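Please read the structure below before turning to the comments.
All heavy atoms count here, side chains included; hydrogens, waters and symmetry mates do not. These figures come from a predicted structure and were not determined experimentally. Lettering follows sequence order; numbering is per chain, from 1.
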2 protein chains.
Amino acid sequence: MSMPDRQPLKQLESTLSDEPIRRPGGRSARIRTAVLDATLAELADVGYDRLTVEAIAARSGVHKATLYRRWGGVDGLIADVLVRSAEQPWQVPDTGSLRDDLHAITRVIYMGFTDPEHGAVPRNLIVAALRSSQAARALTGFFETQHGLAAEVVTRAVRRGEAPEGTDAVDVVRTACAPLYYRLFVTGEPLEEVAAHRAAEAALAAAQAGAFVR
Amino acid sequence: MSMPDRQPLKQLESTLSDEPIRRPGGRSARIRTAVLDATLAELADVGYDRLTVEAIAARSGVHKATLYRRWGGVDGLIADVLVRSAEQPWQVPDTGSLRDDLHAITRVIYMGFTDPEHGAVPRNLIVAALRSSQAARALTGFFETQHGLAAEVVTRAVRRGEAPEGTDAVDVVRTACAPLYYRLFVTGEPLEEVAAHRAAEAALAAAQAGAFVR
DNA sequence: ATCATAACGCGACCTGTGTCGCATTATGAG
DNA sequence: CTCATAATGCGACACAGGTCGCGTTATGAT
């Protein structure tokens, strides 16, 4: 699991509240780390259904009243975990070919969610975010960021002439990713590698055919 | 939090269990209708977050203990609503052209969820189903049914030679629908008509390019 | 029509989430 | 270092969600 990163409470403040943080010093930061780590651990262990503030409090060694005061409840905790997760950037592929880039993207998603060892963590995190209206808002921002980053591969491809001018880069990314999330979190179908492969291939074909030209 | 598994879930049993229905007579049926209607109404009014068994009991005029006995809680209610909803079939388009059929499908989805008057009902229902692990299972069955029906348009198109032999019909449908559900329920982005248009166009292009050939 | 009982109504009661007031500790400024 | 106070610890408790036992009503078989 990711370890002690000392982050100022700025992010939490900017997404959850407008009030200034008065004492961003050591203790608050330590408690935030401990609590969010405990939240992720609980999430991986018991999932969202049985996720309780008390268990997180016990696991982190922080009193539950503190959790309610700072995060307001389970939803706020999930949202803050998402904020922290979104801050860890990833390497956008740049293979020189749109096909390979798209395949790399869908493959990263596929691997991340289906890894038998660590896949439960992001999977349960997304499920949890989908089940909380507050965290769902944080999730929207998360995807906006990820889409923006990933769209770069399409922008480059257009410059190389691999896709028509005027192609909506983000829409290509959406089309590539959507089937994976659709299966995992909407229809509940199993996610296999061939699905990731086909999603990338479909997005590529559609982009080349000009389906995303504005 | 322990749920006695041996509860008679009545109609729900026909899809989830093998237990026989002992008294399907008038009263039980009336109560089921009243309760599920109240559930949908509450869902449309207050959404899943503020959905409570007590409110549904009050609205339907049925005692809450009865609701807990028959449905086990909010999750079971949502699941049963889904089962009842899935029983109302829809007219699969058959325009003679794969492009028009796919556009008709994505358009139906778009219209159903974005209708300013009645769109909140199916929207909140899906959200509710996504937020309950029990109802999520019912949702999986729901989509399996819908996909199977919709895939017919692709099967016919293959016969007409509009798509390559060996095309995975359901995968074409998934690719057409996924971006809509992705926006609505995963990323939380607004769903506009152009998105429905592009999704159909993308699925068509990918199918014609052979991206879904097994 | 009669009867056994499935299904429901009713209200008390249990459980645990979330709140509140106050005590205690840690932080940052002077 | 000292001090004001932000932040957390602590336990009591209010209250909604959910359960249970029993009485009542409706159902279907005889």
Side-chain angles (χ1 to χ4, degrees), chain A residues 6-10 12-13 16-36 38-39 42 46 48-78 80 128 131-132 134, chain B residues 1-13 17 19-36 38-39 42 46 48-78 80 128 131-132 134:
Chain A
R6 282 216 168 179
Q7 297 182 353
L9 289 175
K10 256 184 153 185
L12 176 58
E13 166 198 338
L16 297 181
S17 162
D18 295 327
E19 294 181 11
I21 298 291
R22 335 268 309 226
R23 283 189 182 179
R27 185 161 73 160
S28 292
R30 277 194 306 275
I31 283 188
R32 183 186 183 225
T33 301
V35 168
L36 296 191
T39 303
E42 278 292 310
V46 303
Y48 182 76
D49 286 350
R50 304 182 186 279
L51 192 67
T52 91
V53 173
E54 291 206 349
I56 298 173
R59 187 162 198 154
S60 63
V62 177
H63 200 272
K64 67 168 180 171
T66 298
L67 303 194
Y68 281 112
R69 274 193 288 254
R70 282 188 59 175
W71 286 277
V74 172
D75 290 12
L77 285 164
I78 305 276
D80 201 20
R131 292 189 183 178
S132 143
Q134 181 180 353
Chain B
M1 284 293 287
S2 63
M3 200 183 95
D5 251 5
R6 213 46 259 154
Q7 289 191 349
L9 286 176
K10 309 210 130 289
Q11 278 78 7
L12 211 49
E13 286 166 3
S17 159
E19 196 81 3
I21 302 169
R22 333 254 327 215
R23 283 190 182 181
R27 185 162 72 162
S28 292
R30 278 195 306 276
I31 282 188
R32 183 187 183 225
T33 301
V35 168
L36 295 191
T39 303
E42 279 290 312
V46 304
Y48 182 77
D49 286 349
R50 305 181 187 279
L51 191 66
T52 95
V53 173
E54 293 206 349
I56 297 173
R59 187 163 197 155
S60 64
V62 178
H63 199 273
K64 68 168 180 171
T66 297
L67 303 195
Y68 281 113
R69 275 192 286 254
R70 281 187 59 176
W71 286 277
V74 172
D75 290 12
L77 285 164
I78 305 277
D80 202 20
R131 293 188 184 179
S132 142
Q134 182 179 351

Protein-nucleotide distance ([X], atom [atom1]; [N], atom [atom2]), rounded to Å:
| X | N | atom1 | atom2 | value |
| --- | --- | --- | --- | --- |
| A/R30 | D/dG9 | CZ | P | 11 Å |
| A/W71 | D/dA7 | CH2 | P | 12 Å |
| A/I31 | C/dT25 | CD1 | C1' | 11 Å |
| A/L67 | D/dC10 | CG | P | 13 Å |
| B/E42 | D/dG17 | CD | P | 12 Å |

Would you be so kind as to tabulate the donor-acceptor pairs closer than 3.5 Å made by side chains of residues 50-58 of chain B, with sequence neighbours excluded?
from	atom 1	to	atom 2	distance (Å)
B/T52	OG1	B/E54	N	3.2
B/T52	OG1	B/A55	N	2.9
B/E54	OE2	B/K64	NZ	3.1

message: Using side-chain heavy atoms (C-beta onward) and a distance below 4.5 Å, is B/W71 in contact with B/R32?
response: yes
query: Given side chains that start at C-beta, do those of A/D49 and A/R131 come closer than 4.5 Å, heavy atoms only?
result: yes
query: Taking only residues two or more places apart in sequence, or in another chain, which ones meet B/R59 in a salt bridge (Lys or Arg N to Asp or Glu O under 4.0 Å)?
result: B/E42, B/D45
query: Less than 4.0 Å between a side-chain N and a carboxylate O, is that true for B/R70 and B/D80?
result: no
query: Measuring from A/L77:CG to A/Q134:CD, what's the distance to the nearest 0.5 Å?
result: 9.0 Å
- line: Rounded to 10°, the helix from C/dT15-D/dA16 to C/dG30-D/dC1 deviates from straight, judged by its five-pair end axes, by 30°
OP1 or OP2 of D/dT8 under 4.0 Å from side-chain N/O of A/R70: yes
Polar atoms only, N or O, under 3.5 Å: list the protein pairs with nucleotides 17-20 of chain C and their distances.
from	atom 1	to	atom 2	distance (Å)
C/dT17	OP2	A/E54	OE1	3.3
C/dG18	OP2	A/Y68	OH	2.5
C/dG18	O5'	A/Y68	OH	3.3
C/dG18	N7	A/K64	NZ	2.8
C/dG18	O6	A/K64	NZ	3.1

query: Between the axis at one end of the helix from C/dA1-D/dT30 to C/dC13-D/dG18 and the axis at the other (five pairs apiece), what's the angle to 10 degrees?
result: 20°
field: side chain to side chain contact (heavy atoms under 4.5 Å, CB included) against B/T33, all qualifying residues, sequence neighbours excluded
entry: B/D37, B/R84
